[in-house]
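This report concerns only the one structure given below.
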There are 2 protein chains.
Amino acid sequence: MDEKTLSRRRFLIETSSLATGFVTGAGLVGLTACAPKEIIKEVVKEVPKEVIKEVAKEVPKWPWPYVKLDPEVVRKKAHFGYYKDACCYGAFWAIVDALREKIGFPYTQIPTELMAYGEGGLVGMASLCGALNGAAAAITLVTDKDTWKKLNKELANWYTQFPFPSDTSNQYAKDHTFLVDKYKSDKVLVSSVSHSTLCHVSVTNWCKKSGLGSGSDERSERCGRLTGDVAAQAVLLLNQFADKNFKAVTASPATATCVACHTTGKDVKIGQYTRGEEDCLQCHTPHEIKK
Amino acid sequence: MDEKTLSRRRFLIETSSLATGFVTGAGLVGLTACAPKEIIKEVVKEVPKEVIKEVAKEVPKWPWPYVKLDPEVVRKKAHFGYYKDACCYGAFWAIVDALREKIGFPYTQIPTELMAYGEGGLVGMASLCGALNGAAAAITLVTDKDTWKKLNKELANWYTQFPFPSDTSNQYAKDHTFLVDKYKSDKVLVSSVSHSTLCHVSVTNWCKKSGLGSGSDERSERCGRLTGDVAAQAVLLLNQFADKNFKAVTASPATATCVACHTTGKDVKIGQYTRGEEDCLQCHTPHEIKK
């Protein structure tokens, strides 16, 4: 066999090293027993190597390809996805599945259930908003490091300042042609700004504004619409990136007077204990500056 | 084709029915063993494309298979991974790559870079701790919904109450045979409890206890050791699950007196605005109960 042809030995090693439990050796022996040599060579040369290389051995090169998506399709899809497996899954699935429909492989290789844990800010702990977590994962799957850093930062800053649910999501929910009967809702829900990336703060602020409990159906539906809004915004940013016209437009909500001293740094004497870029006054009260 | 020869259609059905998606020469070998050359050529010519298509159509069945891992190997690997691409990637990559080494496919199909965005609590926002985010994603990849809910809740509650870095991570870092020179450190770092899932709180508490700034090399190294500790704990829980002896042992840190009123519910009159299971007193001060 020439250099380009897999040797039988190498073929067996390569195929048997794949922990699929699918044994090839016996079949190959069967082949070698009665087929002419040139047929064996041809089969071995053309098939397994390609298949092994393409399918099993290598992680599909990251970042995965992105083609522009329709943010409105994704907004509806993510709202629907919220009712499939909650916020984090809903946002991640909507974007990845839309790409799966448009591109196919490699999006056919990732189980979107992977991100379901982010629901309710990490299995209901009410930490990081799941919709934001899931959308950020999708952005990171399809962009290089320089890009996902910028896009995710913009998305997070936008999230803390945007009144959820959007008018668009409220309108879609009224049309509700994409929702199954069980989840149809013709209520326009009141909007609120979270001032935080946290599920806990985002939900509480909305509940206070709407006068509805966190365990109400409306609060759940509000989070479904928010999931749509966050996924749509992620797609909007990705489309800007695809068109080479992305620009960060939302400033960090961290209070300027606070971060003058309290920031990431090495000097503990001036209070550089702090890491973070969120709105300080959500949790902290201002104090007099010691001079 | 005669009875003994797989039709192209049946070949595709058979190959696509392999849950692993790995199609080797074997099925083809059965087909080609004694078939005329022209048939073999025809099939061989057509196979790779079809196989890739068939394989690519289906997402490798979730949850992906788990085999018990050595938590100590993963602890070192995640610490090392922290220096590859920060905390969230470090924890996720350490577990997935350890499974990739042991099992191969389908772990060869997922780009672990996907989780890098969680660094520093979502691109440095200091929201949810990235190590916890990444480890939770790995747990969710390999367990069904009932299981990942329990395991991730246990991991999150444990996280808020565990003094990071562990003695083990401190010791490993001293041995530092697995770290590249640049990151070697023989310092035993002081440990602190976060009382929160948040990067912001976790880092600040550690900085206050150590007297070191959040921008110091030691703080970064502390987060590397923490990444190892969180990934190792995730593996410990997964191993317990694999051995069918997992039991949640860490209580939610939410303050009992608070959640008596402030909890998820529909009745806003008694303050059921709140969603969350973290330690309330990290951010809130207790108030007198109105009767």
Side-chain angles (χ1 to χ4, degrees), chain A residues 15 18-20 22 24 27-28 30-31 34 39 43 46-48 50-51 54-56 59 62 105 108-109 111 113-114 116-117 122-123 125-128 136-137 140-141 148-149 152-153 156 197 200 203-204 207-208 211 213-216 264-268 272-278 283, chain B residues 20 22-26 28-30 32-34 37 40 44 47-48 51-52 55-57 59 62 103-105 108-109 111 113-114 117 122-123 125-128 136 140-141 148-149 152-153 156 197 200 203-204 207-208 211 213-216 264-268 272-277 283:
Chain A
T15 52
L18 295 161
T20 58
F22 193 79
T24 63
L28 188 66
L31 163 65
C34 59
I39 296 178
V43 169
E46 291 192 35
V47 179
E50 295 272 0
V51 171
E54 292 295 326
V55 178
V59 177
W62 171 88
F105 183 88
T108 47
Q109 297 303 286
E113 294 90 343
L114 158 78
Y117 71 93
L122 190 67
V123 285
M125 299 291 285
S127 185
L128 174 62
T140 310
L141 185 62
W148 64 248
K149 281 200 170 196
N152 284 329
K153 184 86 80 182
T197 63
H200 174 79
V203 165
T204 299
C207 289
K208 284 188 171 173
S214 58
S216 64
T264 305
K266 292 177 195 279
D267 192 347
V268 292
Q272 292 180 340
Y273 295 124
T274 300
R275 194 165 194 220
E277 299 178 22
E278 301 226 24
C283 299
Chain B
T20 58
F22 178 56
V23 181
T24 67
L28 187 65
V29 164
T32 57
C34 301
K37 193 179 172 188
I40 297 170
V44 168
V47 168
V51 168
I52 291 164
V55 170
K57 257 190 185 172
V59 178
W62 172 86
I103 298 177
F105 184 90
T108 48
Q109 297 303 285
E113 293 90 343
L114 159 76
Y117 71 93
L122 190 67
V123 285
M125 299 292 285
S127 185
L128 173 62
T140 310
L141 185 62
W148 65 248
K149 282 201 168 194
N152 284 330
K153 184 86 83 180
T197 62
H200 174 78
V203 165
T204 299
C207 289
K208 284 188 171 172
S214 59
S216 64
T264 304
K266 292 178 195 280
D267 193 347
V268 291
Q272 291 180 341
Y273 295 123
T274 301
R275 197 166 191 221
E277 299 177 23
C283 299

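All chains are named by letter (A, B, ...) in the order of the sequence lines, taking the proteins before the strands, and each is independently numbered beginning at 1. Heavy atoms only: backbone and side chains are in, while hydrogens, waters and symmetry mates are out.
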Of B/Gly211, B/Ala156, B/Gly215, B/Ala126, the largest count of non-hydrogen pairs under 4.5 angstrom with chain A goes to B/Gly215

Would you say A/Val203 and B/Thr264 make side-chain contact, with heavy atoms under 4.5 Å?
-> no

Looking at OG1 of B/Thr108 and CD of A/Gln109, how far apart are the two atoms once the value is rounded to the nearest 0.5 Å?
-> 8.5 Å

A/Leu128 and B/Thr197: CA distance, side-chain angles, deciding distance, side-chain contact (heavy atoms from CB on, under 4.5 Å) verdict = CA-CA 9 Å; A/Leu128 174 62; B/Thr197 62; over 6 Å; no

Check: A/Val123 main-chain N/O paired with B/Lys153 side-chain donor or acceptor under 3.5 Å | yes

To the nearest 0.5 Å, how far apart are CZ in B/Arg275 and OG1 in A/Thr204?
-> 10.5 Å

What is the distance from atom CD of A/Gln272 to atom OG of B/Ser216, rounded to the nearest 0.5 Å?
-> 10.5 Å

Taking A/Ser214 for its side chain and B/Thr274 for its backbone only, find out whether a donor-acceptor pair lies under 3.5 Å.
-> yes

Any idea which heavy atoms bring A/Tyr117 and B/Asn152 closest together, and the distance?
-> CB-ND2, 3.4 Å

So CD of A/Glu113 and CH2 of B/Trp148: to nearest 0.5 Å the spacing works out to 10.5 Å

Go through the steps for A/Leu114 and B/Thr140 under the test side-chain contact (heavy atoms from CB on, under 4.5 Å), then give the verdict.
-> CA-CA 5 Å; A/Leu114 158 78; B/Thr140 310; 5.5 Å; no

Can you tell me how far the CD atom of A/Glu278 sits from the CE atom of B/Met125, to the nearest 0.5 Å?
-> 4.5 Å

Nearest 0.5 Å, what's the SG-NE2 distance between A/Cys283 and B/His200?
-> 7.0 Å

